[in-house]
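Written below as structure tokens is the structure these notes are about.
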Amino acid sequence: MANYLEMEDSSFRSKAYRKVAEVLETLQESVEDMKDLEKIPGVGKHIASKIEEYLKTGFIRDYEKLKKETPIKLEEIIAVEGMGVKKAKVLYDKLKIKNLKDLEKAAKKNKIAKLEGFGEKTEKNILEGIAFLERSSGRFLLGKITPVVEDILDKLSNLKEVEKISTAGSFRRRKETVGDVDILIVSKKPEEVMTFFVSLPDVVKVWGHGTTKSSVRIKEGVDVDLRVVPAKSYGSALQYFTGSKEHNIITRRIAIGKELKLNEYGVFRGAKMIAGKTEKEVYRAIGLDWIPPELRESELDFKKIPKIIELKDIKGDLHCHSKWNGGNDSIAVIAKKAMKMGYEYIGISDHTQFLKIEHGLNEKQLLKQKKEIDKINLKFKIENLKFRVLWGCEANILTDGSIDVSDKVLEQMDYVIAGVHSALKIDKEKMTQRIIMAMENPNVDIIAHPSGRILQQRDEYQFDFDKILETAKKTETILEINSSPARLDLKDSNIRKAKKAGVKMVIGTDAHQISQLDLMNFGVSQARRGWAEKEDIINTQPLSILLQSFK
DNA sequence: GCCGTTTTCGGCCCGACTGTTTTCAGTCG
């Protein structure tokens with residue numbers, strides 16, 4: 001509705017709707033359960049009645065009316081860079097353009113350039129925008145682009161001309177997918193840095209090359225912007241470019257409340273600049289403590305900024321696969337790497353028999369695996385090494401909620417992870433019941449990747465997370481935050497819910513080769529985005545306490 | 001359409017860039 005209202009120039013009405021849309025997306029409670037919708041920030045009498053109408057009938061008459069007046073695939077059209085709702089409206093009125101296909105056709109036939117307010121450039125940009133959309137979804141997995149971005153950062157920070165450097169944007173906020181990458185630097189010799197930047201070996205295309213901003217595309221397909229900012233504005237620029245957009249709106253509003261102005265150049269009282277050099281100073285100037293980028297997603301509804309978990313708090317990884325089920329490395333090699341990472345323990349959790357495609361282990365193989373683990377642990381003991389390999393598995397929760405390994409074997413293991421790997425499309429009720437039944441199994445300690453989503457591939461399966469939390473709390477079952485870049489499951493909002501419900505979590509990498517043990521940082525970021533503190537995550541605990549948290 | 005430790009009316013984040021304009025609207029982050 002916000003989009004359609006913006007089209008009609010109802011700009012403040014549109015903003016009111018847009019704000020509510022954003023609030024609803026990050027709402028912790030489900031709207032169905034709320035007694036008083038007007039308690040939701042931004043929701044007044046009118047919008048409340050529309051939400052009620054939607055909950056009751058599945059439609060909003062006013063929205064249907066708006067769509068009928070301008071029957072176009074608006075979302076599709078405004079996804080094209082440079083296209084907004086105003087332009088979409090003009091194109092519909094003048095050329096009857098309803099969707100992306102119409103838009104592309106009209107642009108190719110040079111019909112758009114002739115319109116008043118449009119031109120040759122706009123038409124060309126539309127075609128390029130459409131081509132970009134077709135090439136990629138427009139967003140990239142954080143985990144996929146991180147290595148190459150870090151490489152670029154390393155090379156830049158090694159230059160003596162670079163005084164300060166940081167990433168910004170969603171990359172710095174550690175969002176699971178990133179649209180483009182922003183890097184900010186302070187430098188007295190921007191020309192030289194920019195020239196170096198645009199000629200890096202990973203660069204496949206240069207969009208712009210200037211002294212304050214250069215843009216390139218790197219071989220992974222993602223665009224990287226490098227900006228040079230003045231040293232005295234570095235903090236405010238970093239704050240501004242890190243976002244999120246919503247966070248910036250909130251911080252600026254706070255500034256206004258204190259008769260200050262906040263922008264990318266600094267914090268100002270009248271014409272006088274009172275802060276800007278560091279982010280800490282900027283937040284302090286508007287009366288806030290520094291906020292970790294992972295918490296800058298939307299509302300600031302914490303009284304005190306939580307002391308969120310850090311990578312160094314992690315004492316071990318409980319989700320890794322060995323050569324036994326087709327992984328790359330032997331248990332001994334995995335243990336060695338884990339030790340090198342400073343861990344106190346590593347849990348081996350190979351797939352079990354149902355999962356043929358992953359060479360799942362049968363009960364006989366599992367018991368044989370235990371002997372190997374015992375041998376390794378004994379060796380560590382003799383060498384007086386304080387390190388332990390734990391014997392676990394990643395068992396399958398079958399369609400009826402049972403586990404594909406017998407309790408007789410499960411109960412001997414140090415811990416058991418269970419996950420849904422099949423029949424993902426069963427209905428909500430059945431899926432919820434299926435997972436609940438698994439949690440009620442006295443041998444199941446951890447639920448792996450609880451929602452089943454694969455980013456950019458498939459949505460989470462239908463299930464009632466609130467009910468899962470209830471049972472997890474009751475049965476003391478731990479929920480996993482899977483670090484695999486395409487999973488990052490639990491997602492941030494569910495981590496917040498779990499924390500609130502007092503349900504413990506574990507961060508696991510799901511590594512199939514030792515290099516993937518380093519994916520832990522992505523799981524930790526995800527936990528941070530969900531406000532998780534050290535105490536919420538069991539693999540921050542030393543071995544003795546960890547073992548107590550298993551059933 | 002929503003909101004109020006100055007307000008029930010008069011505001012609503014801010015600046016840059018682009019392409020089209022000749023003073024600005026639309027889009028973006």
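Just so it is clear, the model here is predicted, and its values are computed rather than measured. Within every chain, numbering begins at 1; the chains are lettered A, B, ... in the order of the sequence lines, protein sequences first and strands thereafter.
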Quiz prompt | First of A:K86 and A:N125 reached from the 5' end of DNA chain B, by closest nucleotide | solution = A:N125

Quiz item: Starting at CD of A:E81 and ending at P of B:dT27, how long is that distance when rounded to a whole Å?
Solution: 12 Å

Quiz item: With rounding to whole Å, what would you report as the distance between B:dC12 and B:dT7 at their C1' atoms?
Solution: 14 Å

Quiz item: What's the CE-C1' distance between A:M7 and B:dT27, to the nearest Å?
Solution: 14 Å

Self-check item: Short N-O contact, A:D489 and A:R453, less than 4.0 angstrom
Solution: no

Practice problem: Return the nearest nucleotide to the side chain of A:K87; candidates are B:dC2, B:dT27, B:dC13. | Solution: B:dT27

Quiz item: Atom CG of A:D518 and atom OG1 of A:T146: how far apart are they, to the nearest 0.5 Å?
Solution: 12.5 Å

Quiz prompt | Donor-acceptor contact below 3.5 Å, side chain A:R529 vs main chain A:R173 | solution = yes

Quiz item: A:E264 has an atom CD; how far is it from atom C1' of B:dG29, in whole Å?
Solution: 10 Å

Self-check item: Length of the CZ-P vector between A:F12 and B:dC9, whole Å
Solution: 18 Å

Quiz item: Would you call A:K155-A:D151 a salt bridge at under 4.0 Å N-O?
Solution: yes

Practice problem: Kindly say if A:Y240 contacts the phosphate of B:dC28, meaning a side-chain N or O under 4.0 Å from OP1 or OP2. | Solution: no

Quiz item: What does A:V80 touch in the nucleic acid at a heavy-atom separation under 4.0 angstrom: a base, only the sugar-phosphate, or nothing?
Solution: sugar-phosphate

Quiz item: Which residue, A:I249 or A:E259, contacts DNA chain B at a nucleotide closer to its 5' end, judged by nearest heavy atom?
Solution: A:E259

Quiz item: In whole angstrom, what separates A:K114's NZ from B:dG19's P?
Solution: 19 Å

Quiz item: What is the base-pairing partner of B:dT8, counting Watson-Crick and G-U wobble geometry with both distances under 3.5 Å?
Solution: none

Quiz item: Under 4.0 Å between a side-chain N/O of A:S244 and OP1 or OP2 of B:dG29, yes or no?
Solution: no

Self-check item: A:L295 and A:H247, any side-chain heavy atoms less than 4.5 Å apart
Solution: no

Exercise. Answer with base, sugar-phosphate or nothing: what part of the nucleic acid does A:I78 contact at a heavy-atom distance below 4.0 Å?
Key: nothing

Quiz item: Does the distance from a Lys or Arg side-chain N to an Asp or Glu carboxylate O, for A:K89 and A:E8, drop under 4.0 Å?
Solution: no

Quiz item: Taking the same atom, C1', in B:dT5 and in B:dG1, what whole-Å distance lies between them?
Solution: 24 Å

Practice problem: For DNA chain B, determine which residues of residues 42-50 of chain A have any heavy atom closer than 4.0 angstrom to one of its atoms, and list them numerically. | Solution: A:G42, A:V43, A:G44, A:K45, A:H46, A:I47

Quiz item: Choosing from B:dC13, B:dG15, B:dG1, which nucleotide comes nearest the side chain of A:K15?
Solution: B:dC13

Quiz item: Does A:R253 place a side-chain N or O at less than 4.0 Å from the phosphate oxygens OP1/OP2 of B:dC13?
Solution: yes

Quiz item: Think A:K19 forms a cation-pi with A:Y17, using NZ or CZ under 6.0 Å from the six-ring centre and within 45 degrees of its axis?
Solution: no

Quiz item: Do A:F118 and the base of B:dT20 stack face to face, with centres under 5.5 Å apart and an angle between planes under 30°?
Solution: no

Practice problem: Using whole Å, report how far CG of A:N248 lies from P of B:dG15. | Solution: 13 Å

Quiz item: B:dT27 and B:dT20: how far apart are their P atoms, nearest whole angstrom?
Solution: 13 Å

Quiz item: On a whole-Å scale, what distance lies between the P atoms belonging to B:dG26 and B:dT22?
Solution: 15 Å

Quiz item: Contact class for A:N263 vs. all strands (heavy atom < 4.0 Å): base, sugar-phosphate, or nothing?
Solution: sugar-phosphate

Self-check item: Test: A:E297 and A:K491 ion pair at under 4.0 Å
Solution: no

Quiz item: Whole Å only: how far is the NZ atom of A:K213 from the C1' atom of B:dC28?
Solution: 10 Å

Practice problem: Taking atom P in both B:dC2 and B:dC13, compute the distance separating them and give it to the nearest angstrom. | Solution: 16 Å

Self-check item: Side-chain N or O of A:K261 closer than 4.0 Å to phosphate OP1/OP2 of B:dG15
Solution: yes

Quiz item: Thinking salt bridges, do A:E294 and A:R528 make one under a 4.0 Å N-O criterion?
Solution: yes

Exercise. For B:dC17 versus B:dT8, give the span between their P atoms, rounded off to a whole number of Å.
Key: 40 Å

Quiz item: Given the C1' atoms of B:dT23 and B:dT18, what is the spacing between them in whole Å?
Solution: 15 Å

Quiz prompt | Rounded distance (Å) that lies between atom P of B:dC3 and atom NZ of A:K39 | solution = 13 Å

